[in-house]
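Below is one structure; the comments refer to it alone.
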Amino acid sequence: MDLKAMLTQDNINLPENFFYNVQKYKEHLHKWNKIHNLTGAKDNNTIDEFIYDAIFPISFLPTVSSLMDIGTGAGFPGMILALGLPDTHVTLVEPLSKRASFLQFIKADLGLKNVTVVKKRVEQMEPKIFDMITSRAVTETKMLLELSKAFCDKDTKFLFYKGEKVFDEVKDGVQNMQHKIIERKNRHYLLLGEAL
């Protein structure tokens, strides 16, 4: 089943130009990946899986006007969320030059007005409050919350893309926060925030 069929089957509500933009993103990713090795996802099926994995939370996320993705890499999940949430301003934080350059290129090529690319480690950024903070495959939950301190207030929600270790991580440091774990295949989406 292709990406469009999977997303349509799951009733994930996406903007009209999402599939056009995703197709352009994939074409560029294939080209850049050959030279710069941006991601381990090399074939179409794996990239489609990564895209589906990144965009699936739209089915349960609250509406937010600003989002920061820590360690965006080649665009998962931040760039893909930006394509699916055109009314949300998405800040992509990526310290590696080749990846940040790729994200900047995608932003320009697709004319994405809702994207800011920051080529820094999150610890080097100026403090600013975001409605939602996301991250995939960066570090464990406790450390992500620590890294997010300058960027959240009591209303900020967190979405961390996790594996099965999520249950141990929840025991080890987020018991005092309201949380939900949404499971899909091998992915565990950890949603954190005060008023879930």
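Keep in mind that the numbers below use all heavy atoms, side chains included, and drop hydrogens, waters and symmetry copies.
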For Phe130, give me all partners under ring-ring contact (aromatic ring centres under 6.0 Å, His included), at least two apart in sequence or on another chain. none

Kindly write out the residues that satisfy side chain to side chain donor-acceptor pair (under 3.5 Å) with Lys26, not counting sequence neighbours, or none if the list is empty. Asp48

Applying side chain to side chain donor-acceptor pair (under 3.5 Å) to Arg187 and not counting sequence neighbours gives Asp53

Which pairs with one or both residues in residues 73-84 pass side-chain hydrogen bond (donor to acceptor under 3.5 Å, both in side chains), sequence neighbours excluded? none

Counterpart residues, salt bridge (Lys or Arg N to Asp or Glu O under 4.0 Å), relative to Lys185 (two or more places apart): Glu49

Shared ILVMFWY cluster between Leu112 and Phe76, side chains joined below 4.5 angstrom? yes

Residues which pass salt bridge (Lys or Arg N to Asp or Glu O under 4.0 Å) with Glu126, listed by chain and number, not counting sequence neighbours: none

Identify every side-chain donor-acceptor pair in residues 16-24 under 3.5 Å, counting partners at least two apart or on other chains, and give the distances.
none

Distance, nearest 0.5 Å, that separates CG of Asn37 from NZ of Lys34: 13.0 Å

Smallest heavy-atom separation, Pro15 atom then Leu83 atom, equals CG-O, 3.3 Å

Distance, nearest 0.5 Å, that separates CD1 of Ile47 from CG of Leu29: 4.5 Å

Single-linkage hydrophobic cluster, 4.5 Å side-chain cutoff, Ile129 and Leu85 together: no

Looking at Lys98, I'd like to know if its NZ atom is crowded, meaning that more than 12 non-hydrogen atoms belonging to other residues, nucleotides or ligands lie closer than 6.0 Å. yes

Is it true that, when you exclude Asp43 itself, more than 12 heavy atoms of the residues, nucleotides or ligands shown sit nearer than 6.0 Å to its CG? yes

Please, which pairs that meet side-chain hydrogen bond (donor to acceptor under 3.5 Å, both in side chains) have at least one residue in residues 105-118, sequence neighbours excluded? His28-Asp109, His89-Thr116

Check whether any side-chain heavy atom of Met132 lies under 4.5 Å from a side-chain heavy atom of Leu191, and answer yes or no. yes

Quick one: pull up CG in Leu61 and CG in Leu81 and give me the separation to the nearest 0.5 Å. 7.0 Å

Take atom CG of Asn13 as the centre, draw a 6.0 Å sphere, and report whether it contains more than 12 heavy atoms from other residues, nucleotides or ligands. no

Is it true that a side-chain atom of Glu94 and a backbone atom of Gly73 form a donor plus acceptor pair closer than 3.5 Å? yes

CG-OG1 distance between Leu3 and Thr8, expressed to the nearest 0.5 angstrom: 8.5 Å

Who passes side chain to side chain donor-acceptor pair (under 3.5 Å) against Asp87, sequence neighbours left out? none

For Ala100 and Lys119 the tightest heavy-atom approach is CB-CG, 3.5 Å

Strictly distance-based, threshold 3.5 Å: is any side-chain N or O of Tyr161 a donor or acceptor partner for the main-chain N or O of Ala54? yes

Is the shortest heavy-atom distance from the side chain of Phe50 to the side chain of Ile80 under 4.5 Å? no

With heavy-atom distances below 4.5 Å as the criterion, would you say the side chains of His30 and Asn44 are in contact? yes

Can you find a pair of side-chain heavy atoms, one from Leu159 and one from Leu67, that are under 4.5 Å apart? no

Identify the two heavy atoms, one from Ile133 and one from Cys152, that lie closest to each other, and give their separation to 0.1 Å. CD1-CB, 4.2 Å

Answer yes or no: is there a side-chain heavy-atom contact under 4.5 Å between Lys180 and Phe60? no

Do you know which two heavy atoms are closest between Lys157 and Pro62, and how far apart they sit? CG-CG, 4.3 Å

Just by distance, do the side chain of Asn33 and the backbone of Thr39 share a donor-acceptor pair under 3.5 Å? yes

Dump the intermediate steps for side-chain contact (heavy atoms from CB on, under 4.5 Å) on His188 and Glu164, then the final yes or no. CA-CA 7 Å; His188 297 72; Glu164 290 175 8; 3.4 Å; yes

Quick check: does any side chain N or O of Thr46 sit under 3.5 Å from a backbone N or O of Lys42, one acting as donor and the other as acceptor? no

Leu145 and Phe160, any side-chain heavy atoms less than 4.5 Å apart: yes

Could you tell me the separation between the CZ atom of Phe102 and the NZ atom of Lys31, rounded to the nearest 0.5 Å? 10.5 Å

Minimum heavy-atom separation for Gly78 to Val90, with atom names? O-CG1, 3.7 Å

Please tell me if the side chains of Thr72 and Arg99 come closer than 4.5 Å, counting only heavy atoms from C-beta onward. no

Mind checking what makes ring-ring contact (aromatic ring centres under 6.0 Å, His included) contact with Phe151, not counting sequence neighbours? none

Looking at Glu123 and Arg121, is there a salt bridge between them, counting it only when a charged N and a carboxylate O are closer than 4.0 Å? yes

How many angstroms lie between atom CD1 of Ile55 and atom CE of Met6, to the nearest 0.5 angstrom? 12.0 Å

His36: ring-ring contact (aromatic ring centres under 6.0 Å, His included) partners, not counting sequence neighbours: Trp32

May I ask you to decide if Val64's main-chain N or O and Asp131's side chain share a donor-acceptor pair within less than 3.5 Å? no

Lys162/Leu144 under side-chain contact (heavy atoms from CB on, under 4.5 Å): CA gap, chis, key distance, verdict: CA-CA 12 Å; Lys162 294 290 179 182; Leu144 283 169; 4.1 Å; yes

Group every Ile, Leu, Val, Met, Phe, Trp and Tyr by side-chain heavy-atom contacts under 4.5 Å, then state whether Leu96 and Leu103 land in the same group. no

Do Met68 and Met125 have side chains that get closer than 4.5 Å, going by heavy atoms? yes

For Thr91, give me all partners under side chain to side chain donor-acceptor pair (under 3.5 Å), at least two apart in sequence or on another chain. none

